[in-house]
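Sequence lines set the chain letters: A, B, ... in the order given, protein chains first and strands last, and positions in each chain run from 1.
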4 protein chains.
Amino acid sequence: MTAKRQARFKSLRDSSKERIEHAALELFAKKGYGSTSISQIARAAGISKGLMYNYYKSKEALLEAIVQKSFEWGKEMFTAGVAQTEKPEDLLRYVVEASVAAVLEKPVFWKLMTSLAFQEEVLKAMAPEIEKLRKHNVALGNEIFTALGYTNPVEQALLFAASIDGMFFHYILSDGSYPLEGVKNLLIDKFCHPYKE
Amino acid sequence: MTAKRQARFKSLRDSSKERIEHAALELFAKKGYGSTSISQIARAAGISKGLMYNYYKSKEALLEAIVQKSFEWGKEMFTAGVAQTEKPEDLLRYVVEASVAAVLEKPVFWKLMTSLAFQEEVLKAMAPEIEKLRKHNVALGNEIFTALGYTNPVEQALLFAASIDGMFFHYILSDGSYPLEGVKNLLIDKFCHPYKE
Amino acid sequence: MTAKRQARFKSLRDSSKERIEHAALELFAKKGYGSTSISQIARAAGISKGLMYNYYKSKEALLEAIVQKSFEWGKEMFTAGVAQTEKPEDLLRYVVEASVAAVLEKPVFWKLMTSLAFQEEVLKAMAPEIEKLRKHNVALGNEIFTALGYTNPVEQALLFAASIDGMFFHYILSDGSYPLEGVKNLLIDKFCHPYKE
Amino acid sequence: MTAKRQARFKSLRDSSKERIEHAALELFAKKGYGSTSISQIARAAGISKGLMYNYYKSKEALLEAIVQKSFEWGKEMFTAGVAQTEKPEDLLRYVVEASVAAVLEKPVFWKLMTSLAFQEEVLKAMAPEIEKLRKHNVALGNEIFTALGYTNPVEQALLFAASIDGMFFHYILSDGSYPLEGVKNLLIDKFCHPYKE
DNA sequence: AATGAATGAGGCTTCATTCAT
DNA sequence: GATGAATGAAGCCTCATTCAT
């Protein structure tokens with residue numbers, strides 16, 4: 001059964017569709033959506049230029065599919081843990097750890113998502129979903145920092161989110177030399193043990 | 001007579017250049033460098049397509065000029081205050097306040113600079129200068145947090161920088177609803193008054 | 001199956017390439033390389049503007065391909081006869097006859113090659129090959145006229161070459177009324193039967 | 001008086017108009033008419049781009065003026081001698097010597113004229129005059145070679161003209177190493193002293 | 001006479017997309 | 001599924017030309 005499943009998995013991984021998405025993700029993240037051509041993607045994926053249009057209506061549809069998948073994947077990485085965790089300190093810690101784990105596993109996703117945030121024109125189709133996720137996160141942050149006894153949970157949540165994103169931002173652009181572990185621990189500390197004036 | 005004529009030409013040039021740079025900055029920041037066309041810039045600047053090439057060798061040269069200017073401007077906003085400030089708490093506070101002031105004054109600059117960080121291909125010409133600035137900032141951060149008596153100045157400096165950038169990141173993408181003031185104050189607090197376990 | 005498909009593609013390619021090269025040759029020769037636009041070539045070849053770039057990297061690459069082919073073709077027309085001919089009179093005669101045959105068969109080639117000689121900027125890529133051929137011809141001329149017993153073989157060879165090229169020059173520019181046959185015979189006579197003072 | 005005339009001459013030589021024509025001639029000859037831009041001419045002439053249009057209606061009008069002048073100049077160099085010379089041998093010799101003198105004095109003129117011969121589109125305006133000159137030359141050649149007692153004066157004249165043009169052709173393209181003097185003498189010999197079988 | 005800013009058509013080239021096979 | 005030839009719109013850039021001064 002496992003062999004079968006692996007076979008299916010492998011055929012999925014090696015299918016043309018997967019190779020297209022993989023190549024596109026890499027290139028979009030590296031050079032930007034607008035500066036990546038279908039030819040380049042096809043060459044990187046080892047397929048013909050026309051084949052992409054068997055799977056996606058257009059270049060933008062391809063991008064959307066990739067972003068959608070990365071969203072699903074991101075959600076999966078969180079839901080499990082968030083549901084199981086009760087204590088706010090643990091939840092906060094979990095959010096950080098899970099984010100870090102996600103970024104470490106697929107930094108390219110994160111890079112692409114961030115770079116897309118700067119392209120107003122692109123991805124208007126997904127804007128609602130993104131907005132929804134953002135609101136959800138703000139609410140979650142609020143909850144956590146209220147539970148932690150802060151008097152300014154909104155600001156705490158916003159700075160918390162900013163610190164995480166900023167940390168990833170620097171990590172992604174740093175060519176491997178960033179001490180992510182150390183910064184992450186400091187971040188957890190800073191928000192878990194407030195000095196409570 | 002010639003002087004008069006030259007003055008006239010200069011003012012013509014300056015006005016056109018300004019309009020071109022202004023339009024380009026807005027569009028590059030809004031839609032990304034690669035997705036902004038010369039036609040669009042010309043239309044937004046109210047000039048003909050060809051005129052840009054009287055002032056800049058190429059689209060990329062235009063970008064470089066803009067980035068260069070924004071750099072100069074950014075440096076100016078900092079140098080004065082940094083030199084005058086002595087106490088580390090004040091310096092840290094100054095860095096935050098000056099950054100916030102800069103971002104509030106010209107958010108588009110910041111947006112452009114950040115979005116360019118995600119376009120490896122573009123702007124290789126300026127990479128050295130950027131790297132230099134980055135190193136300078138890391139060193140400054142180290143200095144400040146050492147002076148503040150932290151045992152882990154490197155992580156503090158990195159998280160500090162990450163928090164600032166992340167805050168701006170969220171602010172820039174937030175369409176005006178971001179409580180920058182509150183988050184800024186919290187940020188200063190968090191790094192100025194360490195809980196010193 | 002794949003072989004069949006590939007054969008079909010190849011014939012498609014070949015047909016398009018041929019039409020492009022044919023049209024380009026005609027136009028380059030008629031109006032000059034610099035004054036011929038890709039649009040004109042595409043129109044004359046009955047293809048779209050973009051298609052040329054499936055086959056040639058640039059306008060200049062197209063020119064180079066054409067020149068290269070004409071070179072190969074020219075060489076072929078000579079090598080056979082030169083190798084077989086022994087007596088210097090016959091060789092000289094052969095050179096003239098073969099040149100005339102070549103020019104009569106593809107006058108456009110000759111016109112293009114000559115016009116390119118006046119465009120220093122263009123075709124620097126092929127300069128070495130051209131120089132090589134020139135030197136070869138000078139040496140051959142020297143040989144022939146030495147064998148013919150002339151005391152001034154260098155000048156004879158140079159004037160011989162000049163006469164041939166000049167004759168073609170006038171022929172090409174003459175709109176069909178040039179008595180090439182008569183001039184050719186006179187040329188052979190003049191250089192074969194020296195008056196030997 | 002001489003001083004005055006020289007001053008006038010100098011001012012003519014240095015006038016903007018002269019400088020424009022000079023620069024244009026050089027550039028047209030070197031890079032071809034189609035590949036020379038008004039900007040380049042203005043830069044080479046040390047004047048502003050617009051000034052050319054004070055003197056010439058268009059780029060093509062400038063070319064025409066240059067060609068016209070070179071024509072006048074060429075005619076002047078011939079008429080005097082042709083009228084004075086009686087004996088056909090001397091006339092033939094004179095034609096060669098005068099041509100060589102002309103080419104040696106202003107090789108650029110010759111280069112330009114020749115290169116223009118390959119641009120059908122350009123200079124249609126001057127075509128009639130060129131044709132007239134050509135016919136005149138053919139007639140003159142005919143006369144000379146008839147007078148010299150040749151039975152085939154037409155072919156002699158055509159080959160004679162071809163040899164001259166071919167010689168110049170090679171000379172112009174040879175970067176200074178061409179033994180023009182020797183070839184010229186041989187040419188005169190070849191056509192003056194026929195072997196008369 | 002002279003300048004150079006400004007224009008817009010047109011040149012070369014790239015690219016998303018289509019389609020016959 | 002898959003190919004790659006073919007298209008044409010659009011991109012960047014150059015250039016002859018105009019015009020206010």
What is the separation between atom CE on D:Met52 and atom P on E:dT3, rounded to the nearest whole Å?
14 Å

Whole angstrom value for the distance that separates P of E:dA6 from NZ of B:Lys17
12 Å

Provide, to the nearest angstrom, the distance between the CZ atom belonging to C:Arg43 and the C1' atom belonging to F:dA6.
18 Å

Judged by each residue's nearest nucleotide on DNA chain E, which is more toward the 5′ side, B:Lys10 or C:Glu60?
B:Lys10

For B:Lys30, look at atom NZ and say whether over 12 heavy atoms of other residues, nucleotides or ligands are found less than 6.0 Å away.
no

Quick one: sort the A:Trp73 and A:Phe109 rings into parallel, tilted or perpendicular, breaks at 30° and 60°.
perpendicular

One should read off an interatomic distance between C:Leu116 CG and C:Tyr33 OH, to the nearest 0.5 angstrom, of 9.5 Å

Note: B:Lys124-B:Glu60 ion pair, threshold 4.0 Å (strictly below)
no

For DNA chain E, which ranges pair as stems of 3 or more consecutive Watson-Crick or G-U pairs, with both donor-acceptor distances under 3.5 Å?
E:2-21 with F:2-21

I need the NZ-C1' distance between D:Lys31 and F:dT14, as an integer number of Å.
12 Å

Go through the steps for D:Lys59 and D:Glu64 under the test salt bridge (Lys or Arg N to Asp or Glu O under 4.0 Å), then give the verdict.
CA-CA 9 Å; D:Lys59 188 185 171 187; D:Glu64 258 162 50; over 6 Å; no

Below 3.5 Å between N/O atoms, which protein atoms pair up with nucleotides 8-11 of chain E? Just atom names and distances, please.
{"residue": "E:dG10", "atom": "O6", "partner": "B:Lys49", "partner atom": "NZ", "Å": "3.1"}

Closest-nucleotide ordering on DNA chain F, the 5'-leading residue of D:Lys57 and B:Lys57:
B:Lys57

Salt bridge between A:Glu21 and A:Lys69, side-chain N to carboxylate O under 4.0 Å?
yes

Distance test, side-chain N/O of B:Tyr56 to OP1/OP2 of F:dC13, below 4.0 Å
no

Taking atom C1' of E:dC19 as reference, at what distance in whole Å does atom OH of A:Tyr53 sit?
13 Å

I need the CG-P distance between A:Leu62 and E:dT17, as an integer number of Å.
10 Å

Presence of C:Arg8 side-chain N/O under 4.0 Å of E:dT21 phosphate oxygens OP1/OP2
no

Closer than 4.0 angstrom, basic N to acidic O: yes or no for D:Glu120 and C:Lys111?
yes

Roughly how far, to the nearest 0.5 Å, is the CD1 atom of A:Ile41 from the CG atom of A:Leu25?
10.0 Å

Spacing between C:Tyr55 atom OH and E:dC12 atom C1', to the nearest angstrom
19 Å

From CD1 of D:Ile47 over to P of F:dT17, roughly how many Å is that when rounded to an integer?
14 Å

Going by side chain to side chain contact (heavy atoms under 4.5 Å, CB included), D:Ile20 matches just one of D:Asn54, D:Ile66, D:Leu62, D:Ile38. Which one?
D:Leu62

Is it the case that the base of E:dA2 and the side chain of D:Asn54 share a donor-acceptor contact (distance under 3.5 Å, atom types as modelled)?
yes

